Amino acid sequence: MKVDSSYWKKLWILFFTFAKIAALVVGGGYAILPVVEETFAKKYKWLTSDELLDMMGLVQTIPGIIACNSAVYIGMKIAGIGGVLAAAFGVCLPSVVIILIIAAFFPHLNPSDPWLLGAFTGVRACITGLIILTALRMAGKVLKGWFAILIALGVFALVMAGISPVYAVLGAMPLGIVYACWKRAADKRIREAGGIQK
Amino acid sequence: MNIFTLSFLFMRFGCVSFGGGYVLVPLIIAELIEKRGLLTLSQFGNLISIAQVTPGPVGINTATYVGYLHSGVSGGILASIGLIIPSLVIGTLAVTFINRWKDSIAVKGVMQGVRPAALGLLFFAVFQFLGMSVFTTPIPWKNIFQTLTGAGSGIPADFRLSIGGLVICCVSILLMWKTKISTTLLIILSAVAGALICR
């Protein structure tokens with residue numbers, strides 16, 4: 001297998017971006033989306049917004065840490081198995097190092113220090129803003145047609161009512177297949193009905 | 001219990017933690033505290049608060065900490081590796097499968113369902129994050145609903161608007177929308193601003 005320098009550069013960017021996300025972002029799975037979108041979709045254009053949404057849905061339905069699942073998805077899409085390992089290593093390294101340092105040197109660290117809590121509230125507030133922006137941008141791209149609007153509202157309502165996101169996403173999958181089959185049949189009918197005029 | 005058994009145990013947790021790292025909490029309480037007595041509940045409480053305020057995925061933070069308490073640095077590293085191995089295997093297989101059959105009606109249909117579903121989850125996440133930043137506690141939907149229908153006991157007193165959080169959130173949206181500021185810089189600035197005004 002021929003491995004050129006652009007491949008290693010991709011691995012480095014994957015590792016570095018996910019390490020940056022893990023080192024800076026407080027608040028779990030969804031919080032990484034704005035940074036992932038900025039880096040991989042806008043800056044390098046290696047992924048589309050549609051692919052990011054696919055990722056968001058899939059990482060919920062397979063087991064494991066959401067941030068790590070996202071790293072695996074993006075790593076695999078961009079650079080195959082090597083990309084998976086680079087991105088996953090990037091996600092884990094900062095957390096492992098930070099926690100080991102805290103556990104080894106500050107066993108009595110007070111997690112209720114007001115300065116520390118203030119800083120983390122600040123980061124969460126910033127991430128809230130970024131997620132709102134990302135959600136609105138994605139809504140503009142995804143909510144085309146009644147089916148998408150119905151599914152988005154339905155999943156939102158179910159999860160708000162306490163249903164696990166896993167079941168909500170799993171439930172949307174067969175509905176998507178039914179819709180796709182129905183759409184294909186409907187399109188075919190339209191084509192056949194007005195085939196010659198087109 | 002040796003260090004590889006611990007790693008293997010976390011591998012099992014990784015296989016069943018649907019929906020992310022928070023699911024680890026009940027698993028660890030059941031398996032490591034009640035069944036095996038590896039750590040005490042108060043140690044675990046301390047651990048969770050540290051794992052939540054330090055950056056990085058909560059699941060990996062938790063695994064590293066439990067592993068470290070059990071057998072030092074190598075324990076911390078092996079527990080984390082154990083936790084992510086199922087993700088690596090299942091995630092890689094899922095992406096391979098989707099890429100191979102991406103033109104089939106089944107995969108296309110699944111994706112047509114998954115995309116709006118993911119958007120619904122994202123809007124849910126917005127409200128969860130609002131409850132952790134712009135408001136002081138998670139939004140008490142039940143109480144709000146009851147108050148609107150006139151049956152409730154009112155809105156809890158500790159649910160308040162955090163002015164500092166609201167300002168940082170709005171300024172972040174404006175900066176991200178109108179300028180080319182990088183998210184890294186924005187997050188660091190927000191941490192500083194938060195330490196100053198969100199105390």
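None of these values were measured; they are calculated from a predicted model. Protein chains get the first letters and strands the later ones, always in sequence-line order, with residue 1 at the start of each.
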#### Entry: Interchain contact, A:Thr61 with chain B, by part (heavy-atom threshold 4.5 Å)
backbone
### Task
Sort B:Ile188 into side chain, backbone, both or neither according to what part of it lies under 4.5 angstrom from a heavy atom of chain A.
side chain
### Flag side-chain contact, heavy atom, 4.5 Å: B:Val95 against A:Val72
no
### Query
With chain A, which of B:Ala195, B:Ala118, B:Ser172 has the greatest number of heavy-atom pairs at distances under 4.5 Å?
B:Ala195
### Task
For the pair B:Arg115 and A:Met138, evaluate side-chain contact (heavy atoms from CB on, under 4.5 Å) and give the outcome as yes or no after the intermediate values.
CA-CA 10 Å; B:Arg115 280 175 201 156; A:Met138 298 260 175; over 6 Å; no
### Query
Same cluster for B:Ile3 and B:Leu9 if Ile/Leu/Val/Met/Phe/Trp/Tyr side chains link at under 4.5 Å?
no
### Task
Measure distances from A:Val91 to the heavy atoms of chain B and classify the residue's part below 4.5 Å as side chain, backbone, both or neither.
both
### Summary
Whatever's closer than 4.5 Å to a heavy atom in chain B on A:Ile81 counts as side chain
### Query
Heavy-atom distance under 4.5 Å to chain B: side chain of A:Ile98, backbone, both or neither?
side chain
### Query
If you count heavy-atom pairs under 4.5 Å with chain A, which of B:Ile187, B:Ile90, B:Leu121, B:Ile197 comes out on top?
B:Leu121
### Task
Considering only heavy atoms and a distance below 4.5 Å, find which of B:Ile77, B:Val110, B:Val107, B:Leu83 pairs most often with chain A.
B:Val110
### Query
Is there a side-chain contact between B:Asn99 and A:Lys77, using heavy atoms and a 4.5 Å cut-off?
yes
## Note on the structure
Taken to the nearest 0.5 Å, the spacing of B:Leu122 CG from A:Ile132 CD1 works out to 10.0 Å
### Query
Is it the side chain or the backbone of A:Phe120 that comes within 4.5 Å of chain B heavy atoms, both, or neither?
side chain
### Query
Where on A:Ala135 is there a heavy atom nearer than 4.5 Å to chain B: the side chain, the backbone, both, or neither?
both
### Message
If you define the side chain from C-beta out and look only at heavy atoms, does anything of B:Leu119 sit under 4.5 Å from A:Ile151?
### Response
no
### Query
Is any side-chain heavy atom of B:Pro116 less than 4.5 Å from a side-chain heavy atom of A:Ile149?
no
#### Entry: Sub-4.5 Å side-chain heavy-atom contact between B:Tyr68 and A:Leu100
yes
### Query
In terms of heavy-atom proximity below 4.5 Å to chain B, should A:Val142 be classed as side chain, backbone, both, or neither?
side chain
### Query
How about B:Gln128 and A:Ile131: do any of their side-chain heavy atoms sit closer than 4.5 Å?
no
### Summary
Bottom line for A:Arg184: the part with an atom under 4.5 Å from chain B's heavy atoms is side chain
### Message
When you compare the side chain of A:Val96 with that of B:Ile60, does any pair of heavy atoms fall below 4.5 Å?
### Response
yes
#### Entry: Candidate pair A:Leu58 and B:Ile98, rule side-chain contact (heavy atoms from CB on, under 4.5 Å), full reasoning
CA-CA 11 Å; A:Leu58 288 171; B:Ile98 288 166; 3.2 Å; yes
### Heavy-atom side-chain proximity of A:Ile66 to B:Pro57 below 4.5 angstrom
no
### Task
Using the side-chain contact (heavy atoms from CB on, under 4.5 Å) rule, take B:Thr183 and A:Leu130 through it: C-alpha gap first, then chi angles, then the decisive distance, then the call.
CA-CA 9 Å; B:Thr183 40; A:Leu130 298 186; 3.8 Å; yes
### Ring geometry between B:Phe123 and A:Phe156 (parallel below 30°, tilted from 30 to 60°, perpendicular above 60°)
perpendicular
#### Entry: Interface residue of largest heavy-atom contact number with chain A, from B:Ile84, B:Val73, B:Thr184, B:Val192, under 4.5 Å
B:Thr184
